[in-house]
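Please read the structure below before turning to the comments.
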Amino acid sequence: MTDHPRDEFDRVPAASARQGVHRERLIPARSNGLAPKLAVGVLALLIGLGSFFLLPRLGFPGGNDGGTSSSSSPEASATGGGAATAEPSGTASPGATSEPDGTATGGASASASDEADPADRAQTVNVLNGTGAPGLASVAAGRLAGAGWTSALPGNWAGVPVDASVVFYNGEDQRADAEAVAEDLGITDLVESADVSPAISVVLGPEFQ
């Protein structure tokens with residue numbers, strides 16, 4: 001025991017386990033840790049928002065910009081790839097090859113037509129009316145013009161009357177052309193004669209229509 005006088009704090013039963021009030025240990029209540037977690041979450045959110053809005057303005061690529069560029073790159077590459085493959089496919093398409101085929105076919109048909117019809121349709125052909133029906137020579141000349149003869153000249157026949165239509169030609173050089181004229185007019189009689197005219201001459205008979 002000390003020499004100090006006893007006070008109210010010393011008035012404790014001897015059997016009590018209670019300590020003096022001034023000696024009691026104060027233990028703070030434990031925190032559940034929710035407040036620090038909220039603070040950390042708010043701070044991370046603020047940092048993310050700042051990065052989202054401020055970094056693009058400062059010249060740094062942001063999250064969306066990077067995504068856009070990455071997504072646009074495949075699109076551009078896909079577009080480029082499509083264009084690259086479209087050109088060979090267009091070259092190999094039937095439409096591209098059909099043009100040479102059509103040209104070849106047209107050339108072949110044109111050459112076949114030239115071989116089948118060697119007549120010189122630009123030469124002069126006299127169409128003479130050997131009947132009394134007016135305008136018959138003009139009708140025949142118009143029919144020849146429709147067949148491609150560019151110099152079919154209508155007129156009247158002043159020679160001996162004929163019983164049927166006839167085509168006069170002068171020499172073997174005009175024979176093929178005279179046959180073409182006769183075929184276009186439906187005439188079957190051809191006569192070689194140098195006395196009628198130097199040019200091919202058609203004399204229309206009464207049966208011609």
Side-chain angles (χ1 to χ4, degrees), residues 68 71-209:
T68 304
S71 62
S72 62
S73 297
E75 183 178 358
S77 63
T79 305
T85 56
E87 184 175 357
S89 63
T91 304
S93 63
T97 57
S98 63
E99 183 176 358
D101 294 341
T103 305
T105 304
S109 61
S111 60
S113 177
D114 293 340
E115 293 178 358
D117 185 15
D120 179 13
R121 296 179 182 267
Q123 65 178 305
T124 301
V125 177
N126 297 316
V127 183
L128 307 176
N129 187 358
T131 69
L136 189 62
S138 298
V139 172
R143 190 178 301 178
L144 289 177
W149 299 90
T150 58
S151 297
L153 305 178
N156 292 320
W157 171 245
V160 179
V162 294
D163 297 332
S165 300
V166 60
V167 177
F168 294 98
Y169 63 94
N170 187 1
E172 288 297 324
D173 294 339
Q174 293 182 352
R175 181 178 180 84
D177 298 334
E179 290 176 351
V181 171
E183 182 179 359
D184 291 337
L185 293 178
I187 299 174
T188 58
D189 293 339
L190 284 84
V191 176
E192 180 181 0
S193 175
D195 298 334
V196 178
S197 172
I200 296 175
S201 298
V202 179
V203 179
L204 302 175
E207 90 292 349
F208 183 81
Q209 296 179 356

Looking at [X] and [Y], what are the two nearest heavy atoms and their distance?
X: Gly155; Y: Ala137; value: O-CB, 3.4 Å
X: Ser165; Y: Gly205; value: OG-N, 2.7 Å
X: Leu204; Y: Ala140; value: CD1-CB, 3.7 Å
X: Gly130; Y: Trp157; value: CA-CB, 3.9 Å
X: Pro206; Y: Ala164; value: CD-N, 4.4 Å
X: Ala122; Y: Ser151; value: O-OG, 3.5 Å

>> The test is side-chain contact (heavy atoms from CB on, under 4.5 Å); show your working for Tyr169 and Asp177 and say whether it passes.
In response: CA-CA 9 Å; Tyr169 63 94; Asp177 298 334; over 6 Å; no
> With sequence neighbours left out, what residues match Ser197 under side-chain contact (heavy atoms from CB on, under 4.5 Å)?
Replying inline: Asn126, Ala199, Ser201
From [X] atom [atom1] to [Y] atom [atom2], the distance as rounded to the nearest 0.5 Å:
X: Asp173; Y: Asp120; atom1: CG; atom2: CG; result: 11.5 Å
X: Leu185; Y: Leu144; atom1: CG; atom2: CG; result: 4.0 Å
X: Gln174; Y: Glu192; atom1: CD; atom2: CD; result: 9.0 Å
X: Asn156; Y: Thr131; atom1: CG; atom2: OG1; result: 9.0 Å

>> Applying salt bridge (charged side-chain N to carboxylate O under 4.0 Å, His left out), can you list everything that pairs with Asp184, at least two apart in sequence or on another chain?
In response: Arg121
> Which one of Val167, Thr124, Val127 satisfies the side-chain contact (heavy atoms from CB on, under 4.5 Å) criterion with Ile200?
Replying inline: Val167
> Does any non-hydrogen side-chain atom of Val203 lie less than 4.5 Å from one of Phe168?
Replying inline: yes
> Would one find more than 12 heavy atoms of other residues, nucleotides or ligands at under 6.0 Å from atom CD of Gln209?
Replying inline: no
